[in-house]
Enquirer: 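Here it is: the structure, laid out below.
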Amino acid sequence: MTRRVPRAFYDADARDVAPRLLNKVLVAGPVAARIVEVEAYAGAEDPGSHSYRGPTARNATMFGRPGLLYVYFTYGMHFCANAVCGPGDTPTAVLLRGLTPLRGLEIMRARRPKARRDAELCAGPGRIGQAFGLTRDHDGADLVRADRGVTIVDDGTPAPDEPGVTTRVGLREGAGDALLWRFTVPGAVGLSRPT
DNA sequence: ACCGGGATGTTCT
DNA sequence: GAACATCCCGGTG
């Protein structure tokens with residue numbers, strides 16, 4: 001059983017959507033993997049968010065409708081993927097940080113020859129971009145319509161009742177101990193770090 | 001296992 | 001000109 005995830009699912013604050021996105025499945029053509037680690041990014045009140053200082057050419061997709069895929073380029077070599085949330089036109093988003101590979105493992109291995117183990121294929125936001133072949137061409141794709149072959153589906157696995165909750169990773173601004181906006185499936189394969 | 005630094009180029013100040 | 005929602009490699013213990 002595989003259900004489409006409707007737009008209404010994304011039409012709420014990323015901090016509410018993020019834990020509910022756990023155990024859903026990211027699909028890009030023949031490649032699929034289970035979402036086991038995410039981070040929420042809010043808008044004007046979140047100094048760690050790309051949308052904090054208002055719209056720019058790069059973050060335009062975050063200001064679009066909930067359910068879009070926001071792909072950004074960072075550190076001169078990595079593409080990272082987010083699900084745009086809301087509510088409404090509020091520019092929040094959920095960063096995908098860790099996935100458990102499910103289908104298309106051979107393709108992922110070919111795209112990520114440096115990965116030593118399958119658990120490393122999608123363990124980290126930049127690695128997800130590599131394994132799924134994401135580039136700026138995917139920025140703005142509509143996940144709800146499987147635009148450009150990219151979508152998120154529900155295969156019947158519920159989100160955990162008690163997800164792991166920690167601070168966000170890799171930030172200067174917005175890294176405060178009070179901002180517990182990283183969510184994980186405890187013990188899952190494909191986490192970017194153990195906890 | 002843990003840590004430090006280099007890669008690489010876009011984006012914003 | 002600095003920062004960057006990162007990754008990989010080579011050092012040391």
Side-chain angles (χ1 to χ4, degrees), chain A residues 10 13-19 21-22 26 33 35-64 66 68-86 90-101 108-141 143 150 152 163-184 189-195:
Chain A
Y10 301 99
D13 189 288
R15 287 162 285 186
D16 298 321
V17 176
L21 212 42
L22 293 173
L26 177 68
I35 298 167
V36 295
E37 176 182 345
V38 297
E39 279 175 357
Y41 287 86
E45 76 277 24
D46 179 6
S49 175
H50 286 174
S51 59
Y52 180 59
R53 295 167 197 279
T56 66
R58 175 176 70 160
N59 68 18
T61 297
M62 273 189 83
F63 289 80
L68 298 186
L69 183 71
Y70 168 45
V71 178
Y72 68 90
F73 183 68
T74 192
Y75 287 103
M77 58 189 94
H78 297 299
F79 292 96
C80 301
N82 301 252
V84 172
C85 297
T90 307
T92 76
V94 176
L95 172 68
L96 305 182
R97 284 199 56 92
L99 311 176
T100 306
M108 295 190 201
R109 292 185 195 112
R111 288 171 172 163
R112 284 194 32 74
K114 308 249 175 112
R116 298 174 159 272
R117 315 189 314 268
D118 288 348
E120 292 175 353
L121 288 171
C122 304
R127 291 164 168 179
I128 291 170
Q130 292 176 214
F132 276 72
L134 300 176
T135 70
R136 32 182 125 261
D137 293 344
H138 299 270
D139 182 42
L143 294 167
V150 186
I152 292 175
V165 181
T166 76
T167 54
R168 295 179 294 185
V169 173
L171 303 178
R172 283 179 67 85
E173 301 292 329
D177 290 353
L179 305 181
L180 300 175
W181 293 345
R182 174 175 173 262
F183 303 92
T184 63
V189 171
L191 298 181
S192 71
R193 53 198 58 201
T195 59

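Each chain gets a letter, A, B and so on, in the order the sequences are listed, and its residues count up from 1. Owing to the predicted nature of the structure, the values given are computational and were not obtained by experimental measurement.
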Enquirer: Enter the distance from A/T166:OG1 to A/F183:CZ here, rounded to the nearest 0.5 Å.
Expert: 9.0 Å

Enquirer: A/R182 CZ to C/dT6 C1': how many Å, rounded?
Expert: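 Distance, rounded to whole Å: 14 Å.
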
Enquirer: Using the test salt bridge (charged side-chain N to carboxylate O under 4.0 Å, His left out), find all partners of A/R182 that sit at least two apart in sequence or belong to another chain.
Expert: A/E37

Enquirer: Run through DNA chain B and report every stem of 3 or more consecutive Watson-Crick or G-U pairs, distances under 3.5 Å, ordered by first number.
Expert: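 The stems are B:1-7 with C:6-12, B:9-12 with C:1-4.
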
Enquirer: Expressed in angstrom and rounded to an integer, what is the separation of A/L95 atom CG from C/dT6 atom P?
Expert: 8 Å

Enquirer: Expressed in angstrom and rounded to an integer, what is the separation of A/L134 atom CG from C/dT6 atom P?
Expert: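 Answer to the nearest Å: 16 Å.
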
Enquirer: With a cut-off of 3.5 Å and sequence neighbours excluded, list every side-chain donor-acceptor pair involving residues 41-51 of chain A.
Expert:
from: A/Y41; atom 1: OH; to: A/E39; atom 2: OE1; distance (Å): 2.7
from: A/E45; atom 1: OE2; to: A/R15; atom 2: NH2; distance (Å): 2.7
from: A/D46; atom 1: OD1; to: A/G48; atom 2: N; distance (Å): 3.0
from: A/D46; atom 1: OD1; to: A/R168; atom 2: NH2; distance (Å): 2.9
from: A/D46; atom 1: OD2; to: A/A42; atom 2: N; distance (Å): 2.9
from: A/D46; atom 1: OD2; to: A/R168; atom 2: NH1; distance (Å): 2.9
from: A/S49; atom 1: OG; to: A/A42; atom 2: O; distance (Å): 2.5
from: A/S49; atom 1: OG; to: A/S51; atom 2: N; distance (Å): 3.1
from: A/S49; atom 1: OG; to: A/S51; atom 2: OG; distance (Å): 2.9
from: A/H50; atom 1: ND1; to: A/Y70; atom 2: OH; distance (Å): 2.8
from: A/S51; atom 1: OG; to: A/A42; atom 2: O; distance (Å): 3.2
from: A/S51; atom 1: OG; to: A/P91; atom 2: O; distance (Å): 2.9

Enquirer: Could you tell me how far B/dC3 sits from C/dA5 if I compare only their P atoms? Round to whole Å.
Expert: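 It works out to 23 Å between them.
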
Enquirer: Checking all strands, does A/G170 fall into the base, sugar-phosphate, or nothing category for heavy-atom contacts under 4.0 angstrom?
Expert: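 Result for A/G170 = sugar-phosphate.
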
Enquirer: Starting from P on C/dC4, measure out to OH on A/Y72 and report it in whole angstrom.
Expert: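 It is 12 Å, rounded to the nearest whole Å.
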
Enquirer: Please give, in whole Å, the distance from C/dC4 C1' to A/Y41 OH?
Expert: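 To the nearest whole Å, that distance equals 12 Å.
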
Enquirer: Check whether any side-chain nitrogen or oxygen of A/R193 sits under 4.0 Å from OP1 or OP2 of C/dC7, and answer yes or no.
Expert: no

Enquirer: Can you check the A/F79 CZ to C/dA5 P distance for me, whole Å?
Expert: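 Rounded to whole Å, this separation is 15 Å.
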
Enquirer: Name the residue from A/I152, A/V94, A/T92 that meets the side-chain contact (heavy atoms from CB on, under 4.5 Å) definition with A/Y10.
Expert: A/I152

Enquirer: With a 4.0 Å heavy-atom cut-off, tell me which residues in residues 114-127 of chain A come close to DNA chain C, sorted by residue number.
Expert: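 Contacts with DNA chain C under 4.0 Å: A/K114, A/G124, A/P125, A/G126, A/R127.
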
Enquirer: Within the 4.0 Å limit for protein heavy atoms, which parts of nucleotides 6-13 of chain B are touched? Write it as a string from 5' to 3', B for base, S for sugar-phosphate only, - for none.
Expert: -BBBSSSS

Enquirer: A/F73: what forms a ring-ring contact (aromatic ring centres under 6.0 Å, His included) with it, not counting sequence neighbours?
Expert: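 A/F73: ring-ring contact (aromatic ring centres under 6.0 Å, His included) contacts with A/F79.
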
Enquirer: Please give me the minimum heavy-atom distance between A/D16 and A/P19, naming the atom from each residue.
Expert: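 For A/D16 and A/P19, the tightest heavy-atom pair comes out as O-CD, 3.5 Å.
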
Enquirer: Tabulate protein N/O versus nucleotide N/O from nucleotides 11-13 of chain C, keeping only pairs under 3.5 Å, one per line.
Expert:
none

Enquirer: Strictly by side-chain hydrogen bond (donor to acceptor under 3.5 Å, both in side chains), give each pair with a member in residues 129-139 of chain A just once, sequence neighbours left out.
Expert: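 Sorted result for residues 129-139 of chain A: A/T61-A/D139.
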
Enquirer: Which residues pass the side chain to side chain donor-acceptor pair (under 3.5 Å) test with A/T90, not counting sequence neighbours?
Expert: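 A/T90: no side chain to side chain donor-acceptor pair (under 3.5 Å) contacts found.
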
Enquirer: Does a side-chain N or O from A/R172 land closer than 4.0 Å to OP1 or OP2 of C/dC4, or not?
Expert: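 Yes, such a contact exists.
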
Enquirer: Does the side chain of A/L96 come within less than 4.5 Å of A/V38's, by heavy atoms?
Expert: yes

Enquirer: Can you name the residues that form a side chain to side chain contact (heavy atoms under 4.5 Å, CB included) with A/A93, not counting sequence neighbours?
Expert: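 Checked A/A93 against side chain to side chain contact (heavy atoms under 4.5 Å, CB included); matches are A/M62, A/N82.
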
Enquirer: Please report the closest heavy-atom contact between A/L99 and A/P101, naming both atoms and the distance.
Expert: O-CD, 3.5 Å

Enquirer: A/N82 has an atom CG; how far is it from atom C1' of C/dT6, in whole Å?
Expert: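 To the nearest whole Å, that distance equals 14 Å.
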
Enquirer: Does any part of the side chain of A/L95, heavy atoms only, come nearer than 4.5 Å to the side chain of A/Y72, both counted from C-beta?
Expert: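 Side-chain contact under 4.5 Å: yes.
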
Enquirer: Okay, side chain of A/T100, backbone of A/V189: is any donor-acceptor separation there less than 3.5 Å?
Expert: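 Yes: the side chain of A/T100 pairs with the backbone of A/V189.
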
Enquirer: Compile the donor-acceptor pairs under 3.5 Å between side chains in residues 115-126 of chain A and protein atoms, sequence neighbours left out, one pair per line.
Expert:
from: A/R117; atom 1: NH1; to: A/E120; atom 2: OE2; distance (Å): 3.4
from: A/D118; atom 1: OD1; to: A/R109; atom 2: NE; distance (Å): 2.9
from: A/D118; atom 1: OD2; to: A/R109; atom 2: NH2; distance (Å): 2.8
from: A/E120; atom 1: OE1; to: A/R116; atom 2: N; distance (Å): 3.0

